[in-house]
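Fair warning: this is a prediction, and the values are worked out from it, not measured in the lab.
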Protein chains: 2
Amino acid sequence: MQITSRFTIAVHIITALDYFKDRDRVNSEFLAGSVGVNPVIVRTVIGKLREAGLVHTLKGSSGAELAKPLDQITFYDIYKAVDSVNEDEGLFHFHEQPNTECPVGRNIHKAMDGRLAAIQNAMEEEMKRITLADVVDDTKAAILGEEK
Amino acid sequence: MQITSRFTIAVHIITALDYFKDRDRVNSEFLAGSVGVNPVIVRTVIGKLREAGLVHTLKGSSGAELAKPLDQITFYDIYKAVDSVNEDEGLFHFHEQPNTECPVGRNIHKAMDGRLAAIQNAMEEEMKRITLADVVDDTKAAILGEEK
DNA sequence: GATAGTTGTAATATATCACGTTACAGCATT
DNA sequence: AATGCTGTAACGTGATATATTACAACTATC
């Protein structure tokens with residue numbers, strides 16, 4: 001399994017919104033051209049970012065504006081915004097019908113739950129350490145590095 | 001998205017193999033009854049564990065024997081054994097066609113790759129800290145705790 | 001050594017989900 | 001008023017996870 005590409009698409013979009021912020025007509029079609037997906041995908045991802053309070057948009061009007069400075073938007077914020085993992089059930093899909101008439105089946109869930117949560121937490125804590133400023137800075141540096 | 005239930009099924013199976021090790025007829029049907037899935041699923045999961053060198057089995061003969069002590073089998077070992085995440089592409093599904101004619105599209109991948117790997121690594125390191133002995137101990141303790 | 005039990009694995013079915021695509025109402029811009 | 005854009009619904013499609021049937025090859029037991 002893999003975490004949905006909506007996550008990397010969202011990071012790509014925010015990076016592009018910053019990079020092209022002084023250019024006009026940064027609409028969903030333009031962004032879709034950069035990301036390489038359908039414009040509807042871009043609009044739905046931006047919709048999720050808006051719901052999460054990360055960007056502001058105006059219906060009928062091009063583009064989107066970041067709601068916070070880049071260094072205050074973390075990978076974790078985006079990961080939550082685009083529903084990367086099931087909110088209710090968590091990162092791990094537990095088999096759904098362990099047999100309650102078996103002592104192991106009856107107790108394995110509670111023996112594992114805390115540890116599965118710890119693993120997911122370790123991942124999420126690492127995501128909180130990474131900001132969009134990090135990615136934008138590195139992207140810009142890579143672009144400058146191309147010119148030789 | 002979620003990590004396949006084959007992971008928790010594998011942990012359940014190993015726990016049951018230990019718990020019921022002195023009982024005969026611990027075949028795939030018995031295990032399937034405890035886990036709550038089809039016996040063929042049990043046999044394929046055990047097959048993955050065998051390929052990874054975690055258990056020994058004998059074709060035509062019931063059950064499986066652990067190849068290592070429980071405290072030397074980590075969640076990470078099982079996670080790798082059952083192919084929980086795509087080996088080649090990693091935990092994150094990167095959108096596949098960023099536009100190479102766009103400076104952002106051309107550079108976003110390398111600006112993100114190292115950070116995505118760090119997140120996956122944080123998760124995997126946490127998995128290496130948890131052993132099957134931990135889960136088996138807690139499961140047995142929970143079973144004993146029931147008796148009152 | 002014949003019989004019954006079991007594994008390993010292929011083949012097929014089904015459900016779910018990610019992503020693509022079309023369509024269009026409603027709002028903004030000119 | 002005309003044009004462009006967003007937000008969102010609806011539907012299509014391919015990939016994947018899990019279930020299920022079937023059976024050859026092997027083991028255990030009598």
Side-chain angles (χ1 to χ4, degrees), chain A residues 1-10 12-13 17 23-33 35-52 55-65 79 82-89 91-98, chain B residues 1-10 12-13 17 23-33 35-52 55-65 79 82-89 91-98:
Chain A
M1 73 82 213
Q2 292 189 292
I3 288 178
T4 172
S5 62
R6 269 177 303 170
F7 174 76
T8 60
I9 289 171
H12 186 143
I13 287 171
L17 283 173
R23 170 173 178 153
D24 58 348
R25 291 276 164 89
V26 181
N27 56 24
S28 64
E29 192 175 344
F30 174 84
L31 292 167
V35 177
V37 298
N38 192 287
V40 176
I41 305 292
V42 171
R43 296 203 285 270
T44 56
V45 168
I46 289 179
K48 297 279 189 186
L49 297 175
R50 173 169 29 79
E51 285 173 23
V55 302
H56 296 132
T57 66
L58 185 56
K59 183 173 182 178
S61 177
S62 274
E65 188 187 1
Y79 154 91
V82 302
D83 304 318
S84 301
V85 311
N86 189 309
E87 179 76 28
D88 301 324
E89 302 182 31
L91 178 61
F92 292 89
H93 183 198
F94 211 101
H95 51 293
E96 289 169 17
Q97 304 183 325
Chain B
M1 74 81 217
Q2 291 189 290
I3 288 177
T4 171
S5 61
R6 268 176 304 170
F7 175 75
T8 60
I9 289 171
H12 186 144
I13 287 172
L17 282 173
R23 172 176 179 147
D24 58 347
R25 289 274 164 90
V26 181
N27 57 22
S28 63
E29 192 175 342
F30 174 84
L31 291 168
V35 177
V37 297
N38 193 286
V40 177
I41 304 293
V42 170
R43 296 203 287 269
T44 56
V45 168
I46 289 178
K48 297 279 187 187
L49 297 174
R50 171 168 30 78
E51 286 173 23
V55 303
H56 296 132
T57 67
L58 186 56
K59 182 173 182 176
S61 177
S62 275
E65 187 187 2
Y79 153 92
V82 301
D83 305 320
S84 302
V85 311
N86 188 306
E87 179 77 27
D88 301 324
E89 302 182 30
L91 178 61
F92 291 90
H93 182 198
F94 210 102
H95 51 293
E96 289 168 18
Q97 304 183 326

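For D:dT18, one of the phosphate oxygens OP1 or OP2 lies less than 4.0 angstrom from a side-chain nitrogen or oxygen of A:His93. At the phosphate of C:dT7, OP1 or OP2 sits under 4.0 Å from a side-chain N or O atom of B:Ser28. Regarding contacts with the backbone of D:dT18, a side-chain N or O of B:Thr4 is found under 4.0 angstrom from either OP1 or OP2.
Candidate nucleotides D:dA17, C:dT21, D:dT6 were compared by shortest atom distance to the side chain of A:Asn27, and D:dT6 ranks first. Here the side chain of A:Arg6 is nearest to one of C:dG20, D:dT18, C:dA18, namely C:dA18. Comparing atom distances between the A:Thr44 side chain and each of D:dA19, D:dT8, C:dC19 picks out D:dT8 as nearest. Set against D:dT20, C:dC19, C:dT22, the side chain of B:Ile41 has D:dT20 as its closest nucleotide. Candidate nucleotides C:dT7, C:dA18, D:dG4 were compared by shortest atom distance to the side chain of A:Arg25, and D:dG4 ranks first. Of all nucleotides listed (C:dC19, C:dA10, D:dA9), C:dA10 comes nearest to the side chain of B:Val40.
Between the CG atom of A:Asn38 and the P atom of D:dG12 there is a distance of 16 Å, given to the nearest Å. Rounded to whole Å, the distance from NE2 on A:His95 to P on D:dT18 is 11 Å. In this structure, the CZ atom of A:Arg50 is 11 Å from the P atom of D:dT6, given to the nearest Å. Protein atom CD of B:Gln2 is 10 Å distant from nucleotide atom P of C:dA18, rounded to whole Å. Atom CD1 in B:Ile46 sits roughly 14 Å away from atom C1' in C:dT9 (whole-Å rounding). Counting to the nearest Å, the C1' atom of C:dT21 and the CZ atom of A:Arg43 are 11 Å from each other. In this structure, B:Asp83 places its CG atom 15 Å from C1' of D:dT18, rounding to the nearest Å. What separates NE2 of B:His12 from C1' of D:dT18 is a distance of 17 Å, to the nearest Å.
Across all their heavy atoms, B:Thr8 and A:His93 have their closest contact at OG1-O, 3.5 Å. Closest approach of B:Val45 and B:Arg6 over heavy atoms only: CG2-CG, 3.8 Å.
Here the straight-line distance linking atom OG1 of A:Thr4 with atom CG of A:Asp83 works out to 9.5 Å at 0.5 Å rounding.
Judged purely by atom type and a 3.5 angstrom limit, A:Ser84 uses its side chain to pair as donor or acceptor with the backbone of A:Tyr79.
Relative ring orientation between B:Phe7 and A:Phe92 is described as tilted, the plane-to-plane angle lying within the 30° to 60° band.
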